[in-house]
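Quick note on labels: first sequence line is chain A, next is B, and so on, each numbered from 1.
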Protein chains: 2
Amino acid sequence: MKFDEIDIKLLGLLQNDSKRTTKEYALQLNLSVTAVYERIKRLEKLGVITNYVALVDKKKVNKAFTVLCHVKLVQHIKEYVLQFEREILKLNEVAECYHTSGDYDYILKIYVADMEEYREFMITKLTAINHIGSTQSSFVINEVKSTTEVFV
Amino acid sequence: MKFDEIDIKLLGLLQNDSKRTTKEYALQLNLSVTAVYERIKRLEKLGVITNYVALVDKKKVNKAFTVLCHVKLVQHIKEYVLQFEREILKLNEVAECYHTSGDYDYILKIYVADMEEYREFMITKLTAINHIGSTQSSFVINEVKSTTEVFV
DNA sequence: CGTGAAAACACTAATGC
DNA sequence: GCATTAGTGTTTTCACG
């Protein structure tokens with residue numbers, strides 16, 4: 001897939017604010033409205049842009065307590081892996097879950113209200129999943145950087 | 001701040017797809033177009049919805065190699081912390097950076113094309129920052145779950 | 001890629017429930 | 001706080017040059 005300078009700039013703009021008008025993007029890119037419109041449609045059709053979403057302030061909805069939790073399974077049997085992953089998908093508190101190399105098997109990003117809610121989550125939901133060997137929770141002290149933008 | 005059931009449903013809808021028409025949301029919520037419109041405006045004004053963005057498929061833009069990098073500083077002096085954080089903000093490859101409790105000081109999410117680009121990033125950009133004690137890279141084998149939604 | 005025109009939608013406002 | 005209606009102005013969308 002080939003992207004020129006304009007595509008890359010446009011992706012940058014759309015990844016930071018998708019609610020502006022095509023006219024505004026056109027002005028910034030020194031193009032006509034249709035040209036921009038067609039580029040956007042092309043990026044959508046190609047699947048480069050997967051969707052458009054609203055971003056929510058965690059503090060305003062009382063989910064400002066972020067935890068990065070490292071999980072190790074007791075064994076790496078396919079059955080255990082699949083079951084763990086299936087269960088994780090059901091947990092709304094888990095925003096992200098990555099199967100990783102290194103000391104732990106999985107790294108999860110979890111949004112809850114506070115420590116109490118996290119405790120509750122750990123006891124009743126996370127460790128309720130079978131085959132978990134150990135967990136190590138890293139509490140987020142400060143969000144230095146947090147962007148959804150993939151820099152092309 | 002108070003949110004009723006409808007607000008919560010609406011936030012869920014908008015966090016998953018913000019490009020639908022007010023009419024469509026109205027239908028799903030069994031409300032009129034104006035009612036939904038006013039709720040959205042209220043959520044925006046209150047700062048609950050911070051902005052709207054396009055999400056990009058990392059694979060399609062050749063940034064599918066995700067690394068979670070754990071960073072430890074040599075010392076936790078304010079000056080070192082601030083300098084590190086200031087430098088991190090400049091690195092486009094770093095999508096997220098959290099100051100955390102636990103064994104490491106920071107956990108970073110990094111998007112690059114492949115291992116080679118990661119190596120280059122480590123050498124020329126990350127470890128070029130002063131006061132870094134040690135790093136530990138966890139490579140993402142599989143993205144089990146990845147959502148921008150904050151579950152209210 | 002640009003122009004121009006029609007269709008769809010966002011937005012505002014007023015009335016009444 | 002919501003439904004309905006009506007009206008205006010933008011924006012999206014698309015045929016065509």
Side-chain angles (χ1 to χ4, degrees), chain A residues 1-63 92 113 147-152, chain B residues 1-63 147-152:
Chain A
M1 227 167 286
K2 263 295 178 202
F3 307 110
D4 61 15
E5 272 303 311
I6 298 171
D7 283 328
I8 290 167
K9 269 191 195 169
L10 180 55
L11 280 173
L13 292 172
L14 291 171
Q15 284 188 95
N16 280 292
D17 186 356
S18 63
K19 265 290 162 69
R20 283 156 62 203
T21 62
T22 315
K23 196 176 173 180
E24 288 185 84
Y25 300 124
L27 276 171
Q28 286 212 4
L29 299 169
N30 289 314
L31 277 181
S32 72
V33 172
T34 349
V36 174
Y37 174 76
E38 275 163 5
R39 277 173 186 267
I40 294 175
K41 288 299 143 194
R42 178 176 151 264
L43 291 170
E44 289 170 357
K45 194 156 282 175
L46 287 172
V48 178
I49 294 173
T50 57
N51 58 336
Y52 296 90
V53 300
L55 297 183
V56 163
D57 184 341
K58 294 187 283 294
K59 290 179 218 117
K60 296 278 168 71
V61 293
N62 194 31
K63 296 285 172 192
N92 294 327
T147 173
T148 55
E149 183 178 2
V150 178
F151 209 87
V152 189
Chain B
M1 228 167 284
K2 264 294 179 199
F3 307 111
D4 62 14
E5 271 304 310
I6 299 171
D7 284 326
I8 290 167
K9 268 191 195 167
L10 180 55
L11 280 173
L13 292 172
L14 291 170
Q15 284 187 95
N16 280 291
D17 186 356
S18 63
K19 265 288 161 71
R20 285 157 59 204
T21 62
T22 315
K23 195 175 175 180
E24 289 185 86
Y25 300 124
L27 276 171
Q28 286 212 4
L29 299 169
N30 289 313
L31 278 182
S32 71
V33 173
T34 8
V36 173
Y37 176 76
E38 276 162 6
R39 276 173 185 268
I40 294 175
K41 286 301 143 193
R42 179 176 149 265
L43 290 169
E44 289 171 354
K45 195 157 284 176
L46 287 172
V48 177
I49 295 172
T50 56
N51 58 335
Y52 296 89
V53 300
L55 297 182
V56 162
D57 186 340
K58 294 186 283 293
K59 288 178 218 118
K60 297 275 168 70
V61 293
N62 194 30
K63 296 286 171 191
T147 171
T148 54
E149 183 178 2
V150 179
F151 208 87
V152 190

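Rounding to whole angstrom units, OH of residue B:Tyr52 and P of D:dT11 are separated by 16 Å. Look at CG on B:Asp4: it is 10 Å from C1' on D:dG1, rounded to the nearest Å. Regarding B:Arg42, its CZ atom lies at a distance of 19 Å from the C1' atom of C:dC11, rounded to whole Å. Here the P atom of nucleotide D:dT11 and the OH atom of A:Tyr25 are 12 Å apart, to the nearest Å. If you take NZ of A:Lys19 and P of D:dT10, they are 18 Å apart, rounded to a whole angstrom. A straight line from CD1 of B:Ile6 to C1' of D:dC2 spans 9 Å, rounded to a whole angstrom. Between B:Arg20 atom CZ and D:dT12 atom P there is a gap of 18 Å when expressed in whole angstrom units. Atom CG of A:Leu29 and atom C1' of C:dG2 are 15 Å apart (whole Å).
No donor-acceptor pair under 3.5 Å is formed between the side chain of A:Gln28 and the backbone N or O of A:Tyr25. Using a distance-only test at 3.5 Å, with no hydrogens or angles considered, a donor-acceptor pair links the side chain of B:Thr50 to the main chain of A:Leu55.
In terms of phosphate contacts, B:Arg39 brings no side-chain nitrogen or oxygen within less than 4.0 Å of OP1 or OP2 of D:dG1. Phosphate contact (OP1/OP2 of D:dT12, side-chain N/O of A:Tyr37, threshold under 4.0 Å): absent. Distances shorter than 4.0 Å separate none of the side-chain N or O atoms of A:Lys23 from OP1 or OP2 on D:dT10.
Looking at B:Arg20 and B:Leu13, their side chains come closer than 4.5 Å, going by heavy atoms from C-beta outward. Counting only heavy atoms from C-beta outward, the side chains of A:Asp7 and A:Arg39 approach each other to under 4.5 Å. Side-chain contact between B:Asp57 and A:Val150 is absent, with no heavy-atom pair separated by less than 4.5 Å. Within the 4.5 Å cutoff, the side chain of B:Met1 has heavy atoms near those of the B:Leu46 side chain.
Shown here are the side-chain hydrogen bond (donor to acceptor under 3.5 Å, both in side chains) partners of B:Tyr52, two or more places apart in sequence or in another chain: B:Glu44.
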Do any N or O atoms of the protein come closer than 3.5 Å to N or O atoms of nucleotides 3-5 of chain C, and which pairs are they?
{"residue": "C:dT3", "atom": "O4", "partner": "A:Thr34", "partner atom": "OG1", "Å": "3.3"}

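Closest to the side chain of A:Leu31, out of D:dT13, C:dC1, D:dC2, is C:dC1.
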